[in-house]
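Heavy atoms only: backbone and side chains are in, while hydrogens, waters and symmetry mates are out. For ligands, and for the atoms within them, numbers begin at 1 and follow the listed sequence.
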Amino acid sequence: MHAMKRIVILISGRGSNMEAIMRSMAAEQWPAQIAAVISNKASASGLQTAQAAGIPTKVLEHRAYPDREAFDAALSAAIDYFEADLVVLAGFMRILTPGFVHHFQGRLLNIHPSLLPSFPGLDTHQQAIDAGVKLHGATVHFVTPVLDHGPIIAQAAVPVLEDDTEALLAARVLQQEHQIYPRAVRDIIEGKVWLDGDRVRRRDTSTH
Ligand code: GRF
């Protein structure tokens, strides 16, 4: 195990959660480094952000692989190459195979833009508006083979307002994502939070 924890971040798009993690890591001087950012899309704009920060990037186009198993095998080999202690899914729009999830069990995190277990899947903000819920939000969780499911590490709630649009609500949730995801990653890096079977354990920090 490295003294500096090695984080590999997987993205498919703009990577604002990745950026929030990069920013907190630098500002708070975590004992960690981003070993690589990997995308399944060459067009992901977050790749440029990572490169500009001097972080190694890699593109693995899922279309280049015959099936999900083959892609996930290549992806897990790429992550292992960078000796990841922690794998952070940050807008990575791929369903992962059970084999992949199992390989990274306890060190694979995701953020989902809803208060799970409500609204797994896509279009969560529209789903929340359509359902008429008064509270919506975001969830950081350990990944299990079930999509958008798994032991919950952190959640943040935002109000759904009378005349909300999908875009307004998404922006309000995203602000919260940028708060809770870096915090959760830091807590895991520092050993304050961990997965124990199917429960999240937290070291008592009430004395701080
Ligand atoms: C976020 O809302 C995340 O929760 C969802 O996809 C979006 C990714 O945004 N899974 P970004 O790429 O981190 O900016």
Problem set entry | Partner set under ring-ring contact (aromatic ring centres under 6.0 Å, His included) for F82, not counting sequence neighbours | none

Problem set entry | Sequence-distant partners of A70, side chain to side chain contact (heavy atoms under 4.5 Å, CB included), two or more places apart | Y65, P66, D67

Problem set entry | Every residue of the protein that comes under 4.0 Å of ligand 1, judged on heavy atoms | R14, G15, S16, N17, G91, I111, P113, E177

Exercise. Would you call D196 and R201 a salt bridge, taking side-chain N to carboxylate O under 4.0 Å as the test?
Worked result: yes

Problem set entry | Partners passing ring-ring contact (aromatic ring centres under 6.0 Å, His included) against H112 (at least two apart in sequence or in another chain) | none

Exercise. Do the ring planes of F71 and F92 sit parallel (below 30°), tilted (30 to 60°) or perpendicular (above 60°)?
Worked result: parallel

Problem set entry | Charged N-O contact under 4.0 Å between E61 and K41 | no

